[in-house]
There are 2 protein chains.
Amino acid sequence: MINITLKQLRYFEALARHRHFGRAAEACAISQPALSMQIKDMEDALGATLFERGARQVRLTHFGEVAAERARDILRAADELGDLARASRERLVGRLRIGVIPTVAPYLLPKVVGELTGRFPGLDIHVRETVTPKLIQELADGRLDTAIVALPVSETSLEETPLFEEPFVLVRSAREANAPLPSADSLREMRLLLLEEGHCFRDQALSFCNLPSGPPREVLDASSLSTLVQMVSAGMGVTLIPAMAVPVETRSASVAISRFEGPEPKRTVGMVWRKSSPLAGQLSDFAEIVREAGQNAARDPKPFSSQTNDNLLA
Amino acid sequence: MINITLKQLRYFEALARHRHFGRAAEACAISQPALSMQIKDMEDALGATLFERGARQVRLTHFGEVAAERARDILRAADELGDLARASRERLVGRLRIGVIPTVAPYLLPKVVGELTGRFPGLDIHVRETVTPKLIQELADGRLDTAIVALPVSETSLEETPLFEEPFVLVRSAREANAPLPSADSLREMRLLLLEEGHCFRDQALSFCNLPSGPPREVLDASSLSTLVQMVSAGMGVTLIPAMAVPVETRSASVAISRFEGPEPKRTVGMVWRKSSPLAGQLSDFAEIVREAGQNAARDPKPFSSQTNDNLLA
DNA sequence: TATTGATCATAAGAATATCTTATCAAACGT
DNA sequence: ACGTTTGATAAGATATTCTTATGATCAATA
């Protein structure tokens, strides 16, 4: 294997440019013998003469000229690697793979992604939407850089930071808009529609009702909040959805939204990443941006001033 | 300036491939700590993390992946430089710039160039045809690799090696074919046609006639041997040409060729190159090839068996 | 839950490599 | 001939890089 060094290439390039050992050495901020030796070593390593040393002038051999071109290419590539590193360390640049749970993604991402691409022009955001266990696995596997899930995750290898708290609201058919607010326990007696197994929000809803989060209770489990709301709108029962989903999911459905009183059910949405991730520093900043966007998203439409939302289907 | 080393790039590439410090170190034939340190140094130099060290696995960061690609490019370029050097040192390859004097070039080159390109497939031969002083200057300036001229040149910085001796022959009009052979001195009394000032052959011819090689004697100086022969053929006088030119130049002219007797006039054609030229070793071999070709060229057509050659103009 | 094994980081000293200063040798110009 | 310029060489100092030994962390295991 050829064993030249980048240092030799730099010296060589300088000598090729100056055609004078003394001046090239000065340009490299080393002594002339140091340069002479490195050039000699490089010639030995290559097994070819790079310069023709005349008494009064130093001239590149033909091979030397070709080599100088190559050397410049190599040095430029090495410098580019440095530039690339600098760019990647100073700001969040390049690919960022975010995982988000399905009960958050559609409501949070539009705001966050817009904000992020505006703030970090070089950022290439990839979104993965699936349930928490898969996200955690992919995070651990290094297939994701960060994930937005309901806390706590309690993985010792993961850093977690809360983003915002999100209340659950009751969704009833428009007909029931004025019925009294059921208690958590009384929800058990009603026809409570839930997301299918695997979604953390299903477990959180069950937990609120003091129900075990076991296997499917009914065959009516839905695969999305949107479906749930449509089912409620069709009079199939009641459901809980996270507050942030309200503006989007109830826009085109005739349902009544009610906030709970007293011990309001809620969950904490947070961001997690590997403690060992080199992006850790930047992910904290990133979390701050998501936090702001999320709090705005939760407050913005203020759909809770009225307990009822009876838009009809388009 | 970024100060990574090729060594680091090699180690880095190995670690990127193995994703395991121990095995990568083994592949590089160094100890694991040595690899760890070099990778760390490289990360410090770049100011960016290349690997995410997990307890059970080593993983490239996103930047690391990009860097690995670049590193491979750089390493490949460096290896190519080595290959290039090997190719250039083993045999005569690449550009070879040969200077040849005009009284040799047309007669010698066709044979030599064919022979050379056959023997050295990678050789790219450039020919420069001009008078000796210019050739020597260009040789000294490094604009030529070697030159074929009449010896001696007597430049201490130049190596010179004889190729062959070349007699001068007398060219007379066909009418004079049977006239007695003039002596060197009697040539002075005849109308001796010569090449223009600057050609060494002019001086050699004058020297044979014991004439000073000063400024133009006549306005009839020709710019090529071909013209000289045509002039002789037209009855304008007599001339001398080097033996090697006979087959070519008298093919289509009605002239008589006579060799001198006794102290036959001749010159030594040789090859010269800078003593400091890195091609010096190969140029000796090269000279040997030219020598053979030249001797064949001088013998081959054997036009001297008959003193007369009276082909007519086509 | 303590233990073990695997894995990478760190430390200290040895081995190399690289640099500097001083000097030499060749070659050019005066 | 003589001094100047220029690159090569020598010797010792400095810096880097390597090795061996050890530490720390984490996961799998008993």
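Throughout, a chain's letter reflects where its sequence line sits, starting with A, and its residues are numbered from 1. Only a predicted model underlies this, so the values are computations on that prediction, with no experimental measurement involved.
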For B:Arg17, is there an ion pair with B:Glu13 - N to carboxylate O distance below 4.0 angstrom?
yes
Whole-Å distance, A:Ile39 CD1 to D:dA8 P, equals 9 Å
5'-most contact on DNA chain C (nearest-nucleotide basis), B:Ser157 vs B:Arg19, goes to B:Arg19
Q.
If you count every heavy atom of other residues, nucleotides or ligands that lies below 6.0 Å from A:Glu196 atom CD, does the total exceed 12?
A. yes
Looking at A:His20, I'd like to know whether one of its side-chain N or O atoms comes within less than 4.0 Å of OP1 or OP2 on D:dG7.
yes
B:Glu52 CD to C:dT7 C1', in whole Å, measures 16 Å
Rounded to whole Å, CD of A:Glu26 lies from P of D:dT6 at a distance of 12 Å
When rounded to whole Å, the CZ to C1' distance for the pair B:Arg23 and C:dC8 reads 13 Å
- Query: Just by distance, with hydrogens left out, do A:His62 and B:Arg95 show a side-chain donor and acceptor under 3.5 Å apart?
  - Reply: yes
Numerically ordered, the residues 59-69 of chain A set in heavy-atom contact under 4.0 Å with DNA chain D is none
* To do: Using a strict 4.0 Å threshold on nitrogen-to-oxygen distance, state whether B:Arg291 and B:Glu165 make a salt bridge.
  => no
Requested in this report: Tell me, yes or no, whether the heavy-atom count around A:Gln32 atom CD, taken from other residues, nucleotides or ligands under 6.0 Å, exceeds 12.
Outcome: yes
>> Is the phosphate of C:dC8 approached by B:Ser36 (side-chain N or O, under 4.0 Å from OP1 or OP2)?
In response: no
So that I can tick it off, tell me whether B:Glu80 and A:Arg70 are bridged by a salt bridge, with the cut-off set at under 4.0 angstrom between side-chain N and carboxylate O.
yes
Exercise for review: Identify whether the distance between the nearest side-chain nitrogen and carboxylate oxygen of A:Arg202 and A:Glu197 falls below 4.0 Å.
Suggested key: yes
Looking at B:Arg56, I'd like to know whether one of its side-chain N or O atoms comes within less than 4.0 Å of OP1 or OP2 on D:dA28.
no
Whole-Å distance, B:Glu43 CD to C:dC8 C1', equals 12 Å
In whole angstroms, the gap separating C1' of C:dT18 from CG of A:Asp44 amounts to 15 Å
Of all heavy-atom pairs linking A:Gln57 and B:Ala140, the shortest is NE2-O, 4.0 Å
Phosphate contact (C:dT7 OP1 or OP2) by B:Arg53 side-chain N/O below 4.0 Å:
no
Separation of D:dC26 atom C1' from A:Leu158 atom CG, nearest Å, is 15 Å
Here the distance between atom P of C:dA27 and atom CZ of B:Arg274, to the nearest Å, is 15 Å
Each nucleotide of nucleotides 16-23 of chain D classed B (base within 4.0 Å of a protein heavy atom), S (only sugar-phosphate) or -, in 5' to 3' order, makes -SBBBB--
Regarding the side chain of A:Lys40, the nearest nucleotide among C:dT7, D:dA8, D:dT9 is D:dT9
Classify the side-chain pair B:Arg59/A:Ser276 by whether it contains a donor and acceptor separated by less than 3.5 Å.
no
